[in-house]
**Student:** 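Dropping a structure here in structure tokens format, bear with me for questions.
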Amino acid sequence: KASRRGLMKLALQTGASLVPVYVFGGNDFYHQIGHEEISRKHKAALTIFWGQWFTPLPFPVKCSMVLGDPIPPVVMSGDVDNRGAIQKIPEPSAEQIEELLSRYMNALCRLFDQYKAQAGYPNAELEIR
């Protein structure tokens, strides 16, 4: 399972909000074969993919992109500067990272469930690895 904690840490360090995004049909652009374990071990995507006519041209598929509301990093008393912007947290704690990750993953799941029927996937279940 991917940790995604680096992205959460970066958001906390920079004060950037995270926007959950999901593309319904995005898995259908290409056929692919790959080995996830080897890719993770070498920290490089080792995947063979192909589209139309065994070329890099994607298959013409229907897709729908949905965007959720921005998720700001945790704002605690004293963390807001005089302009109302969220201050950066140079060294976020593990708890702050986990809390932001939890809020992001929950928002992504809600976004998926909210729009899956409209996008043509009424019985789909979100699988996050």
Side-chain angles (χ1 to χ4, degrees):
K1 182 176 177 179
S3 75
R4 296 175 187 84
R5 284 164 185 78
L7 178 62
M8 302 304 128
K9 183 177 181 179
L10 184 61
L12 289 162
Q13 288 173 331
T14 62
S17 293
L18 299 170
V19 178
V21 176
Y22 192 83
V23 179
F24 291 94
N27 291 335
D28 301 328
F29 289 125
Y30 297 99
H31 292 302
Q32 64 180 351
I33 55 174
H35 200 285
E36 188 174 334
E37 185 177 313
I38 292 172
S39 294
R40 290 199 187 279
K41 180 179 178 183
H42 295 288
K43 297 185 180 185
L46 303 172
T47 301
I48 298 171
F49 68 94
W50 64 94
Q52 294 185 73
W53 310 293
F54 293 94
T55 69
L57 294 172
F59 290 106
V61 296
K62 177 187 170 206
C63 67
S64 301
M65 178 186 289
V66 292
L67 296 106
D69 294 326
I71 302 168
V74 178
V75 178
M76 299 181 342
S77 60
D79 284 350
V80 178
D81 68 17
N82 57 6
R83 294 172 291 140
I86 298 170
Q87 287 186 345
K88 300 168 186 161
I89 303 171
E91 291 299 324
S93 69
E95 293 79 24
Q96 289 170 313
I97 293 169
E98 290 299 321
E99 192 273 336
L100 183 55
L101 176 60
S102 176
R103 289 194 294 134
Y104 177 80
M105 298 302 272
N106 289 336
L108 186 60
C109 290
R110 283 192 309 274
L111 186 68
F112 179 86
D113 288 337
Q114 180 180 351
Y115 290 102
K116 67 182 182 181
Q118 283 178 266
Y121 298 87
N123 299 319
E125 294 295 324
L126 182 60
E127 178 184 337
I128 299 175
R129 293 188 255 165

**Student:** Could you work out, with salt bridge (Lys or Arg N to Asp or Glu O under 4.0 Å) as the rule, every residue matching E127, not counting sequence neighbours?
**Tutor:**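 Partners of E127 by the salt bridge (Lys or Arg N to Asp or Glu O under 4.0 Å) criterion, ordered by chain and then number, come out as R129.
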**Student:** Rounded at 0.5 Å granularity, tell me how far CG in L108 sits from CG in D113.
**Tutor:**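 Separation between the atoms: 9.5 Å.
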**Student:** In chain order, what residues pass the ring-ring contact (aromatic ring centres under 6.0 Å, His included) check against Y104, with sequence neighbours excluded?
**Tutor:**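 Applying ring-ring contact (aromatic ring centres under 6.0 Å, His included) to Y104 gives none.
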**Student:** Applying side chain to side chain donor-acceptor pair (under 3.5 Å), can you list everything that pairs with E98, at least two apart in sequence or on another chain?
**Tutor:**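 Counting only residues at least two positions away or on another chain, E98 forms a side chain to side chain donor-acceptor pair (under 3.5 Å) with R5.
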**Student:** Of all residues at least two apart in sequence or in a different chain, which pass the side-chain contact (heavy atoms from CB on, under 4.5 Å) check with N106?
**Tutor:**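 S102, R110.
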**Student:** Identify the two heavy atoms, one from L12 and one from P73, that lie closest to each other, and give their separation to 0.1 Å.
**Tutor:**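 Smallest interatomic distance, heavy atoms only, reads CD2-CB, 3.5 Å.
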**Student:** Please identify each residue that fulfils side chain to side chain donor-acceptor pair (under 3.5 Å) with E99, with sequence neighbours left out.
**Tutor:**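 Side chain to side chain donor-acceptor pair (under 3.5 Å) list for E99, sorted by chain: R103.
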**Student:** Does K116 reach the side chain of E125, with side-chain heavy atoms less than 4.5 Å apart?
**Tutor:**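 Sidechains of E125 and K116: in contact.
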**Student:** Kindly say whether the aromatic ring centers of Y121 and Y115 come within a distance under 6.0 Å.
**Tutor:**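 No, the ring of Y121 stays outside the 6.0 Å limit from the ring of Y115, centre to centre.
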**Student:** Can you list, pair by pair, the side-chain donor-acceptor contacts under 3.5 Å of residues 49-71, counting residues two or more places apart and other chains?
**Tutor:**
from : atom 1 : to  : atom 2 : distance (Å)
Q52  : NE2    : P58 : O      : 2.9
T55  : OG1    : Q52 : O      : 2.6
T55  : OG1    : L57 : N      : 3.2

**Student:** Please tell me whether L126 and L101 are part of a single hydrophobic cluster in this structure, the criterion being side-chain heavy atoms less than 4.5 Å apart.
**Tutor:**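 Yes: a chain of side-chain contacts under 4.5 Å links L126 to L101.
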**Student:** Could you measure the distance from the CD1 atom of I97 to the CD atom of Q13? Nearest 0.5 Å is fine.
**Tutor:**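 That separation rounds to 7.5 Å.
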**Student:** About how many Å separate CE of M8 and CG of L18, when rounded to the nearest 0.5 Å?
**Tutor:**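 L18 CG to M8 CE: 5.0 Å, rounded to 0.5 Å.
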**Student:** How many angstroms lie between CZ in F112 and CD1 in I128, if you round to the nearest 0.5 Å?
**Tutor:**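 It comes to 9.0 Å.
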